[in-house]
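Down below is the structure, laid out as structure tokens.
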Amino acid sequence: MSLIVQKFGGTSVATVERIEAVAEKIIGFRQQGHDVVVVVSAMSGETNRLISLANEVQKQPTARELDVLVSTGEQVTTALLCMALHERQHKAKSYNGSQVRILTDDAHTKARIQKIDDEHIHSDLRDGCVVVVAGFQGVDEQGNITTLGRGGSDTTAVALAAALKADECQIYTDVDGVYTTDPRVVDGARRLDRITFEEMLEMASQGSKVLQIRSVEFAGKYKVPLRVLSSFVDGPGTLITLEDDHTMEAPIVSGIAFNRDEAKLTILGVPDQPGVAAKVLGAISDENIEVDVIVQNIAEDKTTDLTFTVHRNDMVQAESTLRQVSEELGAREVKTDDKIAKISIVGVGMRSHAGIASRMFSTLADLSINIQLITTSEIKISVVVEEKYLELAVRGLHSAFDLEGAP
Ligand code: ADP
Ligand code: ASP
Ligand code: MG
């Protein structure tokens, strides 16, 4: 007998019928003798609906109240799922984040889990109950409701699995595993049987929203066996593994991630002197804006150009800060562009292979796609291109790195 934490995402609990199907699935696991703790998301579309309501009422909704509002979505599905289990004569009990006591910091809308009390859960499990926990939410030291950022139910599930020392954490979603790239964009995308934590973390960080980044960090840190599966069709899914399997030759590139969430800002003709980058980027970080790609280049006339990317939602604020800094520094010009996309190829095999970057760049050149920015890490190469070329570029790279067909 083992303890399994199962998370069901928004599409898996989108209707009463689907919630009933989830209940049947859980009963199947109970009948095999497993203890089951379930984490649910809100019904699909519900979190977006609640956020739009907030935006109708207040230009920049107060973060504390936004958390009170959006956390309601998950509470609905916990209760409905328990009722579906009761209807089928199975014991089940729902908990919201503060009832479990999923303690977080007080960073509303992007809180981090600090500690989980497992007392109630263990005693309910001993009692033969299925425990159903609301994903995405917690409570801070002062008792305020907090939420963990979009996609945060994944993190609730993995954190619970770590706290309970579960045998496996299963993330049920609307695709049957992690693919070489988003299967909604590339028809030839292929399901991976396994992917390492490290690769999954890069994929998630670079835009593959199949798992929230924090959930992968947690799973890697606490060595939680993690699997992504479909709620709708049976299958092995994808196992996220430690990189200890030396029997397999790692593919050079395991997957391609992309995102359209960023915008690019450039400050041109800054008189070149020590402290310029610190001044520009310091001003941006003082506004609590996260910077992603940064490129600086010195021109022959002793001025420097600095380009960086931020989340699109932060572009207007970042631009106004940059214009102020530009005046103080006597820079020539500030430019912005939000029609960009970032594409990343990811693979642990890159560590031991040369020529990957040039293959990536020549593939894009053959497609006449201009590369605007480049960044690399040990297991990833990212490029920023014009947004309209995103799909063409991802498809081209997917076949250039032989990601289609059999593994
Ligand atoms: P849930 O509501 O179950 O949490 P999400 O929408 O958050 O589901 O995540 C599943 C989606 O992630 C898929 O429908 C798919 O479009 C997208 N996705 C992006 N990249 C990948 C990838 N590499 N493999 C699988 N799915 C991906
Ligand atoms: N309901 C939340 C969201 O839509 C959390 C989640 O589904 O993981 O982001
Ligand atoms: Mg999700």
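Note that these values count all heavy atoms, side chains included, but never hydrogens, waters or copies made by symmetry. Counting starts at 1 for both ligands and their atoms, in listed order.
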Handout entry: Min N/O separation Thr47 to ligand 2 under 3.5 Å
Key =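 Yes, since at least one N or O of Thr47 sits under 3.5 Å from an N or O of ligand 2.
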Practice task
Consider every N or O of Phe136 and every N or O of ligand 2, then say whether any pair is closer than 3.5 Å.
Solution key: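 By distance alone, the answer is no.
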Exercise for the section: Could you list which atoms of ligand 1 come closer than 4.0 Å to a heavy atom of Val178? Expected result: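 Answer, ordered by atom number: 24 (N).
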Exercise for the section: Run the numbers for me: atoms of ligand 1, each under 4.0 Å from some heavy atom of Ser208, listed by number. Expected result: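 Matching atoms, with element in brackets: 20 (N).
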[atom] - nearest protein heavy atom and its distance:
| atom | value |
| --- | --- |
| atom 3 (C) of ligand 2 | Arg150 NE, 3.4 Å |
| atom 4 (O) of ligand 1 | Lys7 NZ, 3.0 Å |
| atom 3 (O) of ligand 1 | Thr173 OG1, 2.7 Å |
| atom 13 (C) of ligand 1 | Asp174 OD1, 3.5 Å |
| atom 27 (C) of ligand 1 | Val210 CB, 3.7 Å |
| atom 24 (N) of ligand 1 | Tyr179 N, 2.8 Å |
| atom 7 (O) of ligand 2 | Ser41 OG, 3.0 Å |
| atom 14 (O) of ligand 1 | Arg184 NH2, 2.6 Å |
| atom 2 (O) of ligand 1 | Gly10 N, 3.2 Å |
| atom 6 (C) of ligand 2 | Ser153 OG, 3.3 Å |

Practice task
Report the C-alpha distance between Ser215 and Thr155 in whole Å, list the side-chain angles of each, state the deciding distance to 0.1 Å, and finish with yes or no for side-chain hydrogen bond (donor to acceptor under 3.5 Å, both in side chains).
Solution key: CA-CA 4 Å; Ser215 72; Thr155 302; 4.5 Å; no
Practice task
Compare Val175, Ile256, Asp182, Val13 and give the one whose heavy atom is closest to atom 20 (N) of ligand 1.
Solution key: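 Minimum heavy-atom distance to atom 20 (N) of ligand 1 goes to Asp182.
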More than 12 heavy atoms of other residues, nucleotides or ligands under 6.0 Å from [atom1] of [X]: yes or no?
| X | atom1 | answer |
| --- | --- | --- |
| Lys380 | NZ | yes |
| Arg191 | CZ | yes |
| Gln58 | CD | yes |
| Asp286 | CG | yes |
| Lys25 | NZ | yes |
| Asp127 | CG | yes |

Problem - Stepwise salt bridge (Lys or Arg N to Asp or Glu O under 4.0 Å) check, Lys264 with Asp292 - result: CA-CA 10 Å; Lys264 187 178 78 167; Asp292 181 25; over 6 Å; no
Exercise for the section: Kindly indicate whether the side chain of Leu164, heavy atoms from C-beta on, has any atom under 4.5 Å from the side chain of Val37. Expected result: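 Yes; the side chains approach each other to less than 4.5 Å.
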Handout entry: Gln212 near ligand 1 by a heavy-atom separation under 4.0 Å
Key =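 Distance cut 4.0 Å: Gln212 fails for ligand 1.
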Exercise for the section: Would you please determine whether Gly177 falls within less than 4.0 Å of ligand 1 on a heavy-atom basis? Expected result: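 Yes.
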Exercise for the section: Under 4.0 Å, heavy atoms only, figure out whether ligand 1 is touched by the backbone of Pro183, its side chain, both or neither. Expected result: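 The answer is the side chain.
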Exercise for the section: Determine whether the side chain, the backbone, both or neither of Ile171 has a heavy atom under 4.0 Å from any heavy atom of ligand 1. Expected result: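 Neither part.
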Practice task
Please state whether the rings of His34 and Phe29 are parallel, tilted or perpendicular, taking 30° and 60° as the class boundaries.
Solution key: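 Taking Phe29 first and then His34, their aromatic rings sit tilted (interplane angle of 30° to 60°).
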Practice task
Decide yes or no on salt bridge (Lys or Arg N to Asp or Glu O under 4.0 Å) for Arg323 and Glu327, but give the supporting numbers first.
Solution key: CA-CA 6 Å; Arg323 289 198 183 283; Glu327 236 169 73; over 6 Å; no
Problem - atom 6 (O) of ligand 1: any protein heavy atom closer than 4.0 Å - result: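 No, there is none.
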Exercise for the section: Please confirm whether Gly152 comes under 4.0 Å of ligand 2, counting heavy atoms of the residue only. Expected result: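 Right, Gly152 reaches ligand 2.
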Practice task
Work out whether the distance between some heavy atom of Gly151 and some atom of ligand 2 is less than 4.0 Å.
Solution key: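 Per 4.0 Å heavy-atom rule, Gly151 contacts ligand 2.
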Practice task
Could you tell me whether Lys93 and Asp124 have a side-chain N and a carboxylate O separated by less than 4.0 Å?
Solution key: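 Yes, this pair counts.
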Handout entry: CA sep, side-chain torsions, deciding dist, call: Leu306, Thr266, side chain to side chain contact (heavy atoms under 4.5 Å, CB included)
Key = CA-CA 6 Å; Leu306 187 77; Thr266 305; over 6 Å; no
Exercise for the section: Take Thr147 and Asp67, measure what side-chain hydrogen bond (donor to acceptor under 3.5 Å, both in side chains) needs, and give me the verdict at the end. Expected result: CA-CA 6 Å; Thr147 63; Asp67 278 350; 2.6 Å; yes
Practice task
Measure Glu74 to ligand 2 on non-hydrogen atoms and call it side chain, backbone, both or neither using the 4.0 Å cut-off.
Solution key: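 Looking at Glu74 and ligand 2, just side chain atoms fall under 4.0 Å.
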